[in-house]
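In listed order, ligands and their atoms are each counted from 1.
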Amino acid sequence: MIKQAIIPLAGLGTRLLPLTSVLPKELLPMNGKPGLEYILDECLEAGIKQIIFVISVKKKIIKDYFYNDAFFKKIIKKKKNDKRLKSEYLKIKKLKKMIKFVYQNKPKGTGDAVLKCNKLIKSKHFLMLLPDDLIIKKNCSVGMIKLHKKYNSSVVASKKVPKREVSRWGIFKFNRLKDKNFIIKDVIEKPNIKSAPSNYAVIGRYILPKKIFSVLKKQKPGKNGEIHITDAIKSLIEEKNSFIGHVFAGKYLDCGTMKGYINSTIEISRLRL
Ligand code: G1P
């Protein structure tokens, strides 16, 4: 059963400056709620019971967002009839109970962020979601958990990308695509166009095995000196662990760049009309 999720949140968000000079990118509003809440909603709908936030001291404000009880209580006491405020506060309170915080003070990569959660992960598999990647209209995690149950395999979300963009993504090598799923043969972090084995990219939803921690512990830094989760997955595949690529049906929104963030807010506001 997949009951735990990790969300790496320690990135600097430099591509969204100046918006992120004070506010973490994950708290930037998207049509009336922080972008992060869309990711949390996806987790709740997928039956996740505990969420581990990997934050940094600089981004402690993310914790404050969920720990502002005294302030909310004071205002709610004054505005007794404000139903909206009350229900929003109840949601935050519910989420607070589910969230654990761990710290990654140097942004050394997604693999390093996952490794920081080592002691908290209890079950054989867990979910990991990258908050820059929003997937709307269809819950990607729900689909991946179904696949995991059916094949007892690790699962990574995927999307076909234009060939000229392969160097921005982790890229899969696979044999055949059946019903929008494939067996992953290899994965390469941000290859150049000539060495890319396909144009199917890794998108930020992963169901990973607990044994990835032992791989991460001994992993050397990869591209740009970071510990990538992609490289740990590559090692596990080489050791004959099964990984399925899932070409999700929902709509992908990139929230990590300024252009992407602006476009995502427009797309999401259309959705909630
Ligand atoms: C990360 C991963 C990459 C993946 C991408 C999806 O890259 O390292 O493999 O394709 O997320 O968004 P980043 O966006 O952190 O550069």
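- For ligand 1, the atoms closer than 4.0 angstrom to any heavy atom of Trp169 are 6 (C), 10 (O), 12 (O).
- For Tyr206 and Phe126, the ring centers are positioned 6.0 Å apart or more.
- Nearest protein neighbour of atom 7 (O) of ligand 1, counting heavy atoms only, is Lys190 NZ, 3.2 Å.
- In the candidate list Lys159, Arg168, Glu189, Glu189 is nearest to atom 9 (O) of ligand 1, counting heavy atoms.
- Inside a 4.0 Å radius of atom 15 (O) of ligand 1 there is not any protein heavy atom.
- A ring-centre distance under 6.0 Å is not found for Phe243 and Phe172.
- For ligand 1 and Thr230, the ligand atoms under 4.0 Å from any heavy atom of the residue are 9 (O).
- In summary, Asp132 and Lys25 engage in a salt bridge, as defined by a charged side-chain N under 4.0 Å from a carboxylate O.
- Atoms of ligand 1 found under 4.0 Å from any heavy atom of Gly170, numbered from 1 in the order shown, are 3 (C), 4 (C), 9 (O), 10 (O).
- Crowding of Tyr103 atom OH: a count of heavy atoms from other residues, nucleotides or ligands under 6.0 Å exceeding 12.
- Cation-pi geometry between Lys100 and Phe53 is not met at under 6.0 angstrom from the ring centre and within 45 degrees of the axis.
- From the protein, the heavy atom lying nearest to atom 1 (C) of ligand 1 is Leu130 CD1, 3.9 Å.
- Residue, atom and distance of the protein heavy atom nearest to atom 4 (C) of ligand 1 are Val202 O, 3.4 Å.
- The pair Lys220-Asp231 fails the salt-bridge criterion, with no side-chain N (NZ, NE, NH1 or NH2) lying under 4.0 Å from an Asp/Glu carboxylate O.
- Among all protein heavy atoms, the one lying closest to atom 12 (O) of ligand 1 is Asp133 OD2, 2.7 Å.
- Remark: ligand 1 and Gly204 share no N or O pair separated by less than 3.5 Å (distance only, no angle test).
- For the pair Lys63 and Phe101, the distance from NZ or CZ to the six-membered ring centre is under 6.0 Å and the angle to the ring normal is within 45 degrees.
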